[in-house]
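The structure under discussion appears below in the form of structure tokens.
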Amino acid sequence: MGRMALEFSERVRRIPTYPAAGAYALPEDVALLASNESPDPPLPEVVEAVTAVLGGLNRYPDPTSSRLRRALSDRYGVPSSRIAVGNGSCDVLLAAGEALLEPGAELVYAWPSFSVYPHLAAASGATAITVPVNERDEHDLDAMAAEITAATRLVIVCNPNNPTSTAVPADAVAAFVAKVPRHVCVIVDEAYCEFNTLDDPDTTLDLLKRHTNLVLLRTFSKVHGLCGLRVGFGLCGSEEFVTAVNQVRQPFFCNAAAQAAAIEALRHQDEVNARVERTIVARLEVEDGLRALGIEVADSQANFCWLHLPVAEGEDPAEVEGRIVSGLADRGVLVRAGGALGRPGSLRVTYGTPSQNARFVAELGALL
Ligand SMILES: *Cc1c(COP(=O)(O)O)cnc(C)c1O
């Protein structure tokens, strides 16, 4: 009998695949700097909160995440009816795509930006309008505003931007949101906002009072270091968005352990501040090390850096990137190649522990 190939839908054939960080079967001392994870293990109190729910796993989780939404409401001053939670913030993002997009509709975002955004258009049949970041690898908000048409349903601003690490100031975000028509949803993806030194991360909360079409997307995956549990949330300018993203998802999209961990994590703002301070120290050390190697680095406001490798005349940036990424991997340092994100010759490198950061800089120097 011949090999039968399954025939998948047009929708599935459109969805791009993004290479997974190939780290999961490697020896212990590998520096995992490819996925913007926290180098810090979960807080003991968070582990305790998770452990406490394990004996009740015969029950479904709270489908409305009511305690978590109340805790988020207390922390951020947004009514809990305007808070959407999810199995990671990507869950809320993909649900937004499903709720807002369809063939004929348009979605606007910068490029390079978060690897999940292209899924939204592919999965819905909507048209993605991508706006190149400027020469400083920052969002070009004026150019993005100019792309909004009668067909636009969703605009995403990733601030700070993954993978380019740069941020636009909060007043520029405010001016941009003010320009977008009220029927167009604006998601400001703030997965890394805690690490941003340009503005207080809570500055944008004010905008929710004026803009019913605004969603601030946040996560417990980065500064809180809980990406293994999957929990994120959207702070919304209206209840409509929450209702719509809940309508398109399966029930119980936020598991019991994740809800308990997130509630506990919110009680440890001092730890968030300590992690941010360590990240900023790492940022300065890595930037100094890279500059000493003669490497240009974008102005990072995140927990990772974005750099352009030196490419000589006649050299292929993709080839240089491939050689460096695999050379680093051979030396036990995993980083993310920019080519998969549309910028060959670039690297995205998460800050790890001080010794991992030093190791990355030293090994890169040796390879160059
Ligand atoms: C990591 C990241 C997220 C968070 O995803 P989760 O699903 O919450 O783990 C969201 N947006 C961007 C831009 C990210 O880099």
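Ligands are counted one by one from 1 in listed order, and the atoms in each one are counted from 1 as well. For the numbers below, each heavy atom of this structure counts, side chains included, while hydrogens, waters and symmetry mates do not.
In summary, the side chains of Thr350 and Glu37 do not present any donor paired with an acceptor at a separation below 3.5 Å, with no hydrogens or angles considered. Under 3.5 Å, the side chains of Thr203 and Asp199 contain no donor-acceptor pair of N or O atoms. In this model, no donor atom of one side chain and acceptor atom of the other lie less than 3.5 Å apart for Arg275 and Asn303. With hydrogens and angles left out, the side-chain atoms of Tyr192 and Asn159 include no donor and acceptor closer than 3.5 Å. Side chains of Thr164 and Asn161: a donor on one and an acceptor on the other come within 3.5 Å.
Polar contact with ligand 1: present for Ser221 (N/O pair, distance under 3.5 Å). Between Thr219 and ligand 1, at least one pair of N/O atoms sits closer than 3.5 Å. The distance criterion of under 3.5 Å between nitrogen or oxygen atoms is not met by Gly88 with respect to ligand 1. No N or O atom of Asp91 sits closer than 3.5 Å to an N or O atom of ligand 1.
Residue contacts with ligand 1: Ser89 is included, with a non-hydrogen atom under 4.0 Å away.
For atom 11 (N) of ligand 1, the closest heavy atom belonging to the protein is Asp189 OD2, 2.7 Å.
Using a 4.0 Å cut-off to heavy atoms of Ala191, the atoms of ligand 1 that qualify are 2 (C), 3 (C), 10 (C), 11 (N), 12 (C), 14 (C). Here is the list of ligand 1 atoms found below 4.0 Å of a heavy atom in Lys222: 1 (C), 2 (C), 3 (C), 4 (C), 14 (C), 15 (O). Listed by atom number, the atoms of ligand 1 under 4.0 Å from Asn162 heavy atoms are 13 (C), 14 (C), 15 (O). Every atom of ligand 1 is numbered from 1 in the order shown, and the set under 4.0 Å from a heavy atom of Arg230 is 6 (P), 7 (O), 9 (O).
For Cys158, every heavy-atom contact with ligand 1 shorter than 4.0 Å involves the side chain, none the backbone. When non-hydrogen atoms are compared, ligand 1 lies under 4.0 Å from neither the backbone nor the side chain of Cys227. With a 4.0 Å heavy-atom cut-off, ligand 1 is reached by the side chain of Tyr192 but not by its N, CA, C or O.
Judged purely by atom type and a 3.5 angstrom limit, Asn357 uses its side chain to pair as donor or acceptor with the backbone of Gly352.
Taking the six-membered ring for Trp and the full ring otherwise, Phe220 and Phe233 have centroids separated by under 6.0 Å.
Taking the charged nitrogens against the carboxylate oxygens, Asp137 and Arg343 do have a contact shorter than 4.0 Å, which makes a salt bridge.
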message: Test side chain to side chain donor-acceptor pair (under 3.5 Å) on Ser124 and Glu102; report intermediate values, then the result.
response: CA-CA 5 Å; Ser124 61; Glu102 58 197 334; over 6 Å; no
